**Student:** 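Got a structure for you, written out below as structure tokens; questions coming shortly.
Just so it is clear, the structure is predicted and the values come from calculations on it, not from any experiment. These values consider heavy atoms only, across backbone and side chains, with no hydrogens, waters or symmetry-generated copies. When a ligand or atom number is given, it counts from 1 through the structure's own listing order.
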Amino acid sequence: MALIVQKYGGTSVAGAERIRNVARRIVQTKDQGNQVVVVVSAMGDTTDELLELAYQISERPDNRELDVLLSTGEVVSSTLLAMALHGMGYPAISLSGAQAGIRTDSAYSRARILQIEPKRVVRELERGNIVIVAGFQGITEDMDITTLGRGGSDTTAVALAAGLGAEVCQIYTDVNGVYSADPRLVPEARCLEEIHYEEMLEMATYGARVMHPRAVELGELFHIPILVASSFNEKPGTLIHGGVSMEVRNKVRSIAHNLDVGKITVVGVPDRPGIAASIFNPLAKAGINVDTIVQNASTQGITDLTFTVGKGDLARAMEVVKPIASQIGARECASDETLGAVSIIGTGMQNTPGFAARMFSTLSENNINIQLITTSEIRITCIIDAAQVQQAVRALHRAFDIEEK
Ligand code: ADP
Ligand code: ASP
Ligand code: MG
């Protein structure tokens, strides 16, 4: 008997009929003789709606209260799914993240899982139950409810798979698998049969929403194969694992894009030791995640410092940086939220020249101006005008010849 963890995303449980559809799929897996643990997201746009409601009540909702509020979305879908399974004659029980033993740190809205104590899950499995766990949430040492960041139900699923020693973690969603680019933007995108954790992590981190980055990290750390597939059909999907052959890996495999980019530039900064630390330490203390950082070569002891943050953090980051900028004698501090990022990703780029040149030429042929560039060994990212992101993704997808053939 195998233990399988399945996760169903928001679109897959949006409405009673879809919840029944998910229940039927779970029953199939159970009938094949497996023990099944299921993680669910909130129904449809519930999380967005709850957030909106909170902001109607308060301009700055309290972090702790906000996490309790958002966690209820997943509780709703988990109970309804348990009821659907009961209706089909199958024993099932829903558990909140706390009941499932998901212990996190206390960083509200982006908590990290510290440990899983799945005693209750194991007990319910032994009783023959299908166990439905509310995704996206955990509990701190002080018994406060936390959430794991947008898209975090994927992470709940992989963490549970690791904690329970499951054979595989299956992520069921509203597309057929992981594609070479967001299929909603690039109709010719190719559904990949398999992908290495490393490439998937770069894709997820740089905008491919289909997997939560932390889930991919955990999968790699605990050697959990992750299958991404549709909850609406029987297509095979994409396997994320560590054993992808070199041949498959040997080129640009995907284009990721991200429209959640806010840029801050501190202009006319005196170029002396300690300046970067004086800006980035307070940002870190405020819990603001900084992505790209670029400092210009200085002329006459003066330089510009540019960095990007998520749009949701932009106002807070400006509040932190503005007073520091004037303290250190910078000329000006400006923000911009009309930007987006496009990335080309593939392990084949390691130690091979020419990829950057082809990316930049393709963007220039399309009249797309590059504002910032960052790279890793297997990725090149360009920050460009948000309005040109779709055009850039399509052009790059063509230029690197990754279309469906
Ligand atoms: P769920 O609610 O099931 O977690 P998400 O909306 O979080 O689903 O993620 C699935 C979405 O990710 C798809 O609908 C698709 O638009 C988007 N996406 C972005 N990049 C990719 C990619 N490379 N491959 C597949 N889907 C992608
Ligand atoms: N419901 C949460 C969100 O919308 C978590 C998830 O779906 O994974 O971000
Ligand atoms: Mg998701």
**Student:** Can you find an N or O of K7 that's nearer than 3.5 Å to an N or O of ligand 2?
**Tutor:**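 Not met; the criterion fails.
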**Student:** Can you list the ligand 1 atoms lying under 4.0 Å from a non-hydrogen atom of Y179?
**Tutor:**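 Contacts of ligand 1 toward Y179, numbered from 1: 22 (C), 23 (N), 24 (N), 25 (C).
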**Student:** Side chains of R379 and T374: does their closest heavy-atom pair fall under 4.5 Å?
**Tutor:**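 Heavy-atom side-chain distance check passes, below 4.5 Å.
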**Student:** Using heavy-atom distances only, which candidate in S71, G73, S153, G9 approaches atom 8 (O) of ligand 2 most closely?
**Tutor:**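 Minimum heavy-atom distance to atom 8 (O) of ligand 2 goes to S153.
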**Student:** Any N/O of V175 closer than 3.5 Å to an N/O of ligand 1?
**Tutor:**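 No: no nitrogen or oxygen of V175 is under 3.5 Å from one in ligand 1.
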**Student:** Heavy atoms, side chains only, cut-off 4.5 Å: are R64 and D67 in contact?
**Tutor:**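 When only atoms from C-beta onward are counted, D67 and R64 do not touch, as no gap falls below 4.5 Å.
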**Student:** Does ligand 2 have any atom that is closer than 4.0 Å to a heavy atom of H212?
**Tutor:**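 So H212 does not count as touching ligand 2.
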**Student:** For R123, which residues count as a salt bridge (charged side-chain N to carboxylate O under 4.0 Å, His left out) partner, sequence neighbours excluded?
**Tutor:**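 Not a single residue meets the salt bridge (charged side-chain N to carboxylate O under 4.0 Å, His left out) criterion with R123.
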**Student:** Using a 3.5 Å cut-off on N or O atoms only, is G151 in polar contact with ligand 2?
**Tutor:**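 Looking only at distances, the answer is yes, because the N/O contact criterion of under 3.5 Å is met.
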**Student:** Between D304 (side chain) and V267 (backbone), is there a donor-acceptor pair under 3.5 Å?
**Tutor:**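 Between the backbone of V267 and the side chain of D304 there is no qualifying donor-acceptor contact (under 3.5 Å).
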**Student:** Nearest protein heavy-atom contact for atom 3 (O) of ligand 1: which residue, which atom, what distance?
**Tutor:**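 Looking at atom 3 (O) of ligand 1, the protein heavy atom closest to it is T173 OG1, 2.6 Å.
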**Student:** Do any nitrogen or oxygen atoms of S180 lie less than 3.5 angstrom from nitrogen or oxygen atoms of ligand 1?
**Tutor:**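 The answer is no, given that S180 and ligand 1 share no N or O pair closer than 3.5 Å.
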**Student:** For ligand 1, is there an N or O atom under 3.5 Å from any N or O atom of S12?
**Tutor:**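 N/O-N/O distance below 3.5 Å does not exist for this pair.
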**Student:** Just jot down the ligand 2 atoms closer than 4.0 angstrom to any heavy atom of S41, in number order.
**Tutor:**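 Those atoms are 6 (C), 7 (O), 8 (O).
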